[in-house]
Asks: 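Just dropping this structure here.
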There are 2 protein chains.
Amino acid sequence: MKYGGYNSGRRSCFVIDRLSKKDRHKRLVQLIDENPFVTDRELTRQLKVSIQTIRLDRMELGIPELRERMKQMAEHSYDQVRSLSLEEVIGDVVDLQLDKSGISIFEIREEHVFSKTRIARGHYVFAQANSLAVAVINDEIALTSSADIRFLRQVKLGEKCIAKAYVRNIAGQKAKVEVFTYVSDEMVFQGNFVIYRSAGE
Amino acid sequence: MKYGGYNSGRRSCFVIDRLSKKDRHKRLVQLIDENPFVTDRELTRQLKVSIQTIRLDRMELGIPELRERMKQMAEHSYDQVRSLSLEEVIGDVVDLQLDKSGISIFEIREEHVFSKTRIARGHYVFAQANSLAVAVINDEIALTSSADIRFLRQVKLGEKCIAKAYVRNIAGQKAKVEVFTYVSDEMVFQGNFVIYRSAGE
DNA sequence: CAAATATTAGAACCTGGTACTAATGTTAAG
DNA sequence: CTTAACATTAGTACCAGGTTCTAATATTTG
């Protein structure tokens, strides 16, 4: 096979279509990042080197083989789906006295904040309170009818929100639930919910 | 090999540890559902049949091999992660006149409803309205300060929510935004938002 | 030039299968 | 009882997409 010329060291390349080892590694990482489903064979075409080189490169870079990459993604998504389907309620309900009160904890993660400011999007804070307000009502069907809410201070990435719900009164189809959300001792959110319920029980 | 005895037809089994074909199929589906990462070899242990039987069963049931299952899960999660990271805002903003009005569309899917009733959880409907109310404000930083909301009618699985936001007035750090959400021509949600903004611009 | 490094080639082996052929076990129907 | 139909098992060849190893060759640098 005719070589285009080596250029792995400090010398410049004299053929365009062959990259230095460093550059090839960068490109390799980039290609796999763009498309994790690419095989080594496909990579040989993109990088114009032998399949052995691709494999040595993956070794050096600690990039696992295609099947292992797929397995990891599959496991990741499996965990996510499981936690997501469990996450019918936003936040972990840690205490619940039906028709009386409840407490839930919710940690603000990357996906909950504005990327610019790292401040939580309001609807996540609301979602925790709303979930709890619905959960605390001891009824087959409980739906939010209306709410009056105040965001008292910004909640930042990494902060743990502790929501406390109190059922203020139940009359027929309507229940009034008050929710206060705290970060440590500071109140960050307050909401008055009217929850519609299926009357029974 | 000693047979425990067949029982695929209408006859009863006379050995406990061997299931009829139908029951084995059920169990097989169940096992793979519980753990999609199970190999055929592991299944032979659980079901006490040969690996060929397992493979014939998978064929009949249209269950792909382990690697194919993992690939599908990986692809699924890849799509999800990509769409999720784009989904900073709940709902698709289809029209936006900054500091004036905006429209967004949001379809209620499985993950947004109570599994029992198939009625949308309130916080998703709220999230769409809240996202839009924040988006419509032409400012570097815009955060929900308070809101007064009404859920006028239940929104069901599959329904398309069309939210329309109108900026009512802007004074200093506070902007008032009114949002109405419709399913076809019916109003299902109404909210008055007070949005805090960084004053500038 | 020689040593060091980079690249390529090739063979053996692995997992978790598919596809196919064939034998054997079991049951129901004639 | 026999036979056809179905269920199960066994075994072989083959595949993708690798790993692991040895060895040869190319290129660069000292």
Side-chain angles (χ1 to χ4, degrees), chain A residues 1-15 17-28 31-32 35-75, chain B residues 1-15 17-28 31-32 35-75:
Chain A
M1 186 190 181
K2 199 169 170 285
Y3 267 56
Y6 274 38
N7 47 8
S8 51
R10 9 233 173 268
R11 292 240 176 274
S12 66
C13 58
F14 48 90
V15 159
D17 68 352
R18 178 153 300 192
L19 300 160
S20 76
K21 196 177 180 180
K22 248 189 179 173
D23 289 346
R24 194 184 58 233
H25 279 194
K26 274 189 193 170
R27 186 88 187 105
L28 186 72
L31 283 168
I32 292 177
N35 175 23
F37 299 96
V38 70
T39 61
D40 288 359
R41 203 164 302 277
E42 283 176 73
L43 288 167
T44 61
R45 282 174 220 139
Q46 309 257 346
L47 296 173
K48 315 274 186 197
V49 289
S50 73
I51 204 159
Q52 281 80 359
T53 303
I54 298 289
R55 285 168 180 172
L56 282 171
D57 285 356
R58 272 201 299 98
M59 293 246 154
E60 285 183 54
L61 294 166
I63 299 171
E65 60 165 302
L66 167 60
R67 284 164 174 172
E68 192 51 40
R69 295 197 301 269
M70 291 200 303
K71 190 183 178 187
Q72 282 173 16
M73 293 177 73
E75 278 168 345
Chain B
M1 186 185 179
K2 198 169 171 287
Y3 265 56
Y6 272 41
N7 46 10
S8 52
R10 7 236 173 266
R11 291 240 176 271
S12 65
C13 57
F14 48 91
V15 159
D17 69 352
R18 178 151 303 190
L19 300 160
S20 75
K21 194 176 179 179
K22 249 191 179 173
D23 289 347
R24 194 184 58 233
H25 279 194
K26 274 188 192 171
R27 186 90 186 102
L28 186 72
L31 284 169
I32 292 177
N35 175 21
F37 300 95
V38 70
T39 61
D40 288 357
R41 203 164 301 279
E42 282 176 72
L43 288 167
T44 62
R45 283 174 219 138
Q46 307 259 347
L47 297 174
K48 315 274 187 201
V49 288
S50 72
I51 204 157
Q52 282 79 1
T53 304
I54 299 289
R55 287 168 180 173
L56 282 171
D57 286 356
R58 273 201 299 99
M59 292 247 158
E60 284 183 54
L61 295 167
I63 298 170
E65 60 165 303
L66 168 59
R67 284 165 173 171
E68 193 51 39
R69 296 197 299 270
M70 292 200 301
K71 190 182 176 187
Q72 283 172 15
M73 294 176 72
E75 278 169 345

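Just so it is clear: chains get the letters A, B, ... in the order the sequence lines come, proteins before strands, and each one is counted from 1.
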Asks: Could you give me the CA-CA distance, side-chain angles and deciding distance for A:Arg55 and A:Gln52, then say whether side chain to side chain contact (heavy atoms under 4.5 Å, CB included) is met?
Replies: CA-CA 5 Å; A:Arg55 285 168 180 172; A:Gln52 281 80 359; 5.7 Å; no
Asks: Measure from the side-chain heavy atoms of A:Glu65 and tell me the nearest of C:dG16, D:dT8, D:dG17.
Replies: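 The closest nucleotide is D:dG17.
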Asks: If I take atom CD in residue B:Glu68 and atom C1' in nucleotide D:dC15, what distance separates them, rounded to the nearest angstrom?
Replies: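 After rounding, the reported distance stands at 14 Å.
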Asks: Taking atom C1' of C:dT7 as reference, at what distance in whole Å does atom NZ of A:Lys22 sit?
Replies: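 Taking NZ of A:Lys22 and C1' of C:dT7, I get 19 Å after rounding.
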Asks: According to a strict under-4.0 Å criterion, is B:Ser50 in side-chain N/O contact with OP1 or OP2 of D:dT9?
Replies: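 Checking B:Ser50 against D:dT9: at least one side-chain N or O falls below 4.0 Å of OP1 or OP2.
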Asks: Looking at every strand, decide which applies to A:Leu56 at a 4.0 Å heavy-atom threshold: base, sugar-phosphate, or nothing.
Replies: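 Base, at least one base atom sits under 4.0 Å.
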Asks: Taking the nucleotide of DNA chain D with the nearest heavy atom to each, does B:Gln52 or B:Arg67 sit closer to the 5' end?
Replies: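 The residue closer to the strand's 5' end, by nearest nucleotide, is B:Gln52.
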Asks: To the nearest angstrom, how far is B:Met70 atom CE from D:dG18 atom C1'?
Replies: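 Interatomic distance, CE of B:Met70 to C1' of D:dG18: 13 Å.
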Asks: Rounded to the Å, how far apart are A:Leu66 CG and C:dG16 P?
Replies: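 Checked: the CG to P distance equals 15 Å.
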Asks: Who passes side chain to side chain donor-acceptor pair (under 3.5 Å) against B:Arg69, sequence neighbours left out?
Replies: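 Not a single residue meets the side chain to side chain donor-acceptor pair (under 3.5 Å) criterion with B:Arg69.
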Asks: Base, sugar-phosphate or nothing for A:Arg58? Non-hydrogen atoms, less than 4.0 Å.
Replies: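 Here A:Arg58 touches the backbone only, sparing every base.
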Asks: Check the distance between D:dA5's P and B:Lys21's NZ and give it to me in whole angstrom.
Replies: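 In whole Å, D:dA5 P and B:Lys21 NZ are 16 Å from each other.
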Asks: Any base atoms under 4.0 Å from A:Arg24, or only sugar-phosphate, or nothing? Heavy atoms, all strands.
Replies: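 Since only primed, P, OP1 and OP2 atoms lie under 4.0 Å of A:Arg24, the category is sugar-phosphate.
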Asks: Nearest to the side chain of B:Met59, heavy atoms from C-beta on, is which of C:dG16, C:dA19, D:dT8?
Replies: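 Of C:dG16, C:dA19, D:dT8, C:dA19 is nearest to the side chain of B:Met59.
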Asks: For residues B:Ile32 and B:Leu61, determine if any side-chain heavy atom of one lies less than 4.5 Å from a side-chain heavy atom of the other.
Replies: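 Side-chain contact under 4.5 Å: no.
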Asks: Can you tell whether the side chains of A:Glu60 and A:Lys21 come within less than 4.0 Å, N to carboxylate O?
Replies: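 Counted as a salt bridge, because a side-chain N and a carboxylate O are separated by less than 4.0 Å.
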Asks: In whole angstroms, how far is the C1' atom of C:dG16 from the CZ atom of B:Phe37?
Replies: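 For the pair B:Phe37 CZ and C:dG16 C1', the rounded distance is 15 Å.
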Asks: Would you mind telling me which of C:dT18, D:dT19, C:dA9 lies closest to the side-chain atoms of A:Asp40?
Replies: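 Selected nucleotide (nearest to the side chain): D:dT19.
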Asks: Measuring from B:Asp40:CG to B:Leu28:CG, what's the distance to the nearest 0.5 Å?
Replies: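 It is 8.5 Å, given to the nearest 0.5 Å.
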Asks: Nearest whole Å is fine: how far is C:dG16 C1' from B:Arg69 CZ?
Replies: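 So the CZ-C1' distance, B:Arg69 to C:dG16, works out to 11 Å.
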Asks: Mind calculating the distance between CD1 (B:Ile54) and C1' (C:dG16) to the nearest angstrom?
Replies: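 Rounding to the nearest Å, CD1 of B:Ile54 and C1' of C:dG16 are 14 Å apart.
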Asks: A:Thr39 side chain: which of C:dG10, D:dG17, D:dT8 is closest?
Replies: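 Per side-chain heavy atoms of A:Thr39, the pick is D:dG17.
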Asks: Which nucleotide in the set C:dT18, D:dT9, C:dT8 lies at the smallest distance from any side-chain heavy atom of B:Arg55?
Replies: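 Taking heavy atoms from C-beta onward, the closest nucleotide is C:dT18.
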